[in-house]
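This report concerns only the one structure given below.
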Amino acid sequence: MLTAIVGINWGDEGKGRMVDLLSSDYDIVVRYQGGNNAGHTVVNEKGKFILNLLPSGILRSTTVNVMGNGMVIDIEHLTKEVAALTEKGIAISPENLKISDKAIICMPYHKLLDCLEEDRLGDAKFGSTRRGIAPVYSDKYMKKGIRMGDLLMPKTLPDKVRNIVEWKNLTIKNGYGHAPIDADEMLSWLAEYGDWLKPYVCDVGKYLNDEAGKDKKIMFEAQLGALRDIDFGIYPYTSSSSVISAYAPIGAGVPGLKIDSTIGIIKAYSSCVGEGPFTCEMFGDEGKELREAGGEYGAATGRPRRVGGFDVVASRYGVRVQGATELALTKLDILSYLKKIPVCVAYSVDGEITGDFPIGDRLEKARPVYEYFDGWMSDISSCRKFDELPENAKKYIKYIEEQMKCRISYISVGAEREAYIKL
Ligand code: GDP
């Protein structure tokens, strides 16, 4: 069985927490896109873990974890992430972690270029995480990427790095006027952080195909959400990768396999990191209260997130592009403090009321149309059955389910592994 777990909104929906919960049913967890530009937070009996690159199944001793060809991997960051987990008693070896030989390495010059460009843009900046993601994906499509498999080819790697560095310096030195990068430094960096990774690098597509053939259960874990997808998100305020479930088999290395089910992680309110239109945004004290209640600060960067009420228009679009077959509603407990819960039920664009998610200028001009739902004003974090929830919480859940036209099969009422309701 092949299942994708994906974000319906702007990311930070609580995917890591749901993958950690559900991964006990799966033999393998695969990351298929992105790099260390986002973070999954997982809380379990061993402590609190922030995973930027490693698949969330790494915290379970029996799960095999795969980093697919669709990923871009900062090997220095990966080294530190693995060290931090090892320190907390998580065993990591080539037995439970496999890295695609076709994944691209995010080099120090990608981070540098990310910073140089954001600084050049000034007030018009994209709100990049400055972790080199856009520059490294650009290089992938320019066919100037260094792949994990290159680490296994010591004869050809030096020349490859020298040629690429020469080309990069055309932009870094001549374009941005920055000091040039040095090929030997890049080679030392690759040796320092790459050499120990060699036993982990393999053809993960072959591995996954073989395991799928043995009826192993495979979970594809996405980073970010539908509204950050490079094609379907709020361009150009998107990530540089395909986050949608349809890309999962490609980014994992098994393009011939079909996903059986897609679980969309959908948050009970909205949050967004970075720039760009965010129609349902709350400001002032109202926004501050929700941000504090939800602990909405970036897992990867610590940046305060923008917050707002649940956005029916954007979420319905997210459900559609993700092809979600079921939903997990997260962070419902966070809304317990609200007497009236605002929900953005439609957009008003140039006086026209619409339920369709617009692009470009029309999205910039969109204004939220709110409806207010009665809150439940009580702690729901210990509820483990739907019937235990207050009536107003049930109404809120049913409303979202109807509007999304998709079954809600899980409700998360806390960050801990057991704090959820299965429907
Ligand atoms: P991800 O990138 O989608 O995994 O999301 P993040 O890890 O950035 O954000 C989710 C945050 O909310 C983490 O701190 C989780 O521990 C926490 N979280 C997830 N689900 C719930 C929930 O239902 N209730 C509460 N209170 N916290 C949750």
Side-chain angles (χ1 to χ4, degrees), residues 4-23 29 31 33-59 81 129 219-229 239 241 243 245 263-274 290-307 310 315 318 322 324 327-338 379-384 389 393 396-397 400 408-423:
I5 298 211
V6 296
I8 295 298
N9 311 115
W10 289 261
D12 310 313
E13 296 93 349
K15 290 177 297 296
R17 175 247 186 294
M18 288 311 297
V19 176
D20 177 62
L21 171 68
L22 300 174
S23 61
V29 178
R31 276 271 317 259
Q33 48 73 228
N36 58 321
N37 48 325
H40 284 327
T41 313
V42 180
V43 183
N44 62 27
E45 71 283 353
K46 291 190 181 127
K48 182 174 176 177
F49 299 89
I50 293 180
L51 304 171
N52 299 131
L53 281 165
L54 291 164
S56 304
I58 201 76
L59 304 175
E81 202 167 309
T129 53
M219 175 188 280
F220 300 89
E221 172 186 25
Q223 174 214 41
L224 301 169
L227 301 165
R228 294 293 185 222
D229 181 78
S239 196
S241 62
V243 307
S245 65
I263 305 175
I265 314 298
I266 187 166
K267 189 143 106 175
Y269 56 93
S270 302
S271 74
C272 144
V273 176
L290 182 54
R291 182 176 308 111
E292 291 299 322
E296 294 298 343
Y297 296 89
T301 59
R303 284 192 287 184
R305 295 174 184 150
R306 298 158 77 191
V307 293
F310 184 82
S315 303
Q322 289 288 17
L327 297 172
L329 182 67
T330 57
K331 300 193 98 165
L332 189 65
D333 55 304
I334 301 300
L335 299 179
S336 297
Y337 77 97
L338 283 165
D379 182 8
I380 57 167
S381 59
S382 54
C383 295
R384 295 292 175 267
L389 288 168
Y396 189 72
I397 295 162
I400 291 178
I408 294 179
S409 44
Y410 296 91
I411 299 159
S412 174
V413 291
E416 302 74 27
R417 201 177 253 176
E418 301 314 319
Y420 73 99
I421 296 166
K422 190 170 190 308
L423 299 175

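Throughout, numbering of the chain's residues begins at 1 and tracks the sequence. Read the numbers this way: they start at 1 and go in the same order the structure lists the ligands and their atoms.
Those atoms of ligand 1 that come under 4.0 Å of a heavy atom in I334, given as number and element, are 26 (N). Per-residue contacts place S412 under 4.0 angstrom from the following atoms of ligand 1 (heavy atoms of the residue considered): 20 (N), 21 (C), 22 (C), 23 (O).
Using a 30° and 60° split on the angle between ring planes, Y410 and Y420 fall in the tilted class, from 30° to 60°.
Taking 4.0 Å as the cut-off between side-chain N and carboxylate O, D12 and K267 do not count as a salt-bridged pair.
Polar contact check, K15 against ligand 1: a nitrogen or oxygen pair lies under 3.5 Å apart. Considering backbone and side-chain N/O atoms, G14 comes within less than 3.5 Å of an N/O atom of ligand 1. At least one N/O-N/O distance between G414 and ligand 1 falls below 3.5 Å.
Side chains of Y337 and E292: no donor on one and acceptor on the other come within 3.5 Å. In summary, the side chains of R17 and S412 do present a donor paired with an acceptor at a separation below 3.5 Å, with no hydrogens or angles considered.
Only side-chain heavy atoms of D333 come within less than 4.0 Å of ligand 1; its backbone N, CA, C and O stay farther off.
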Check the pair Q322, D229 against side chain to side chain donor-acceptor pair (under 3.5 Å), reporting the backbone distance first and the verdict last. CA-CA 10 Å; Q322 289 288 17; D229 181 78; over 6 Å; no
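For atom 8 (O) of ligand 1, the nearest non-hydrogen atom from the set R305, E296, E221, R17 comes from R305.
Across L22, I5, L51, a single residue satisfies side chain to side chain contact (heavy atoms under 4.5 Å, CB included) together with S56, and that is L51.
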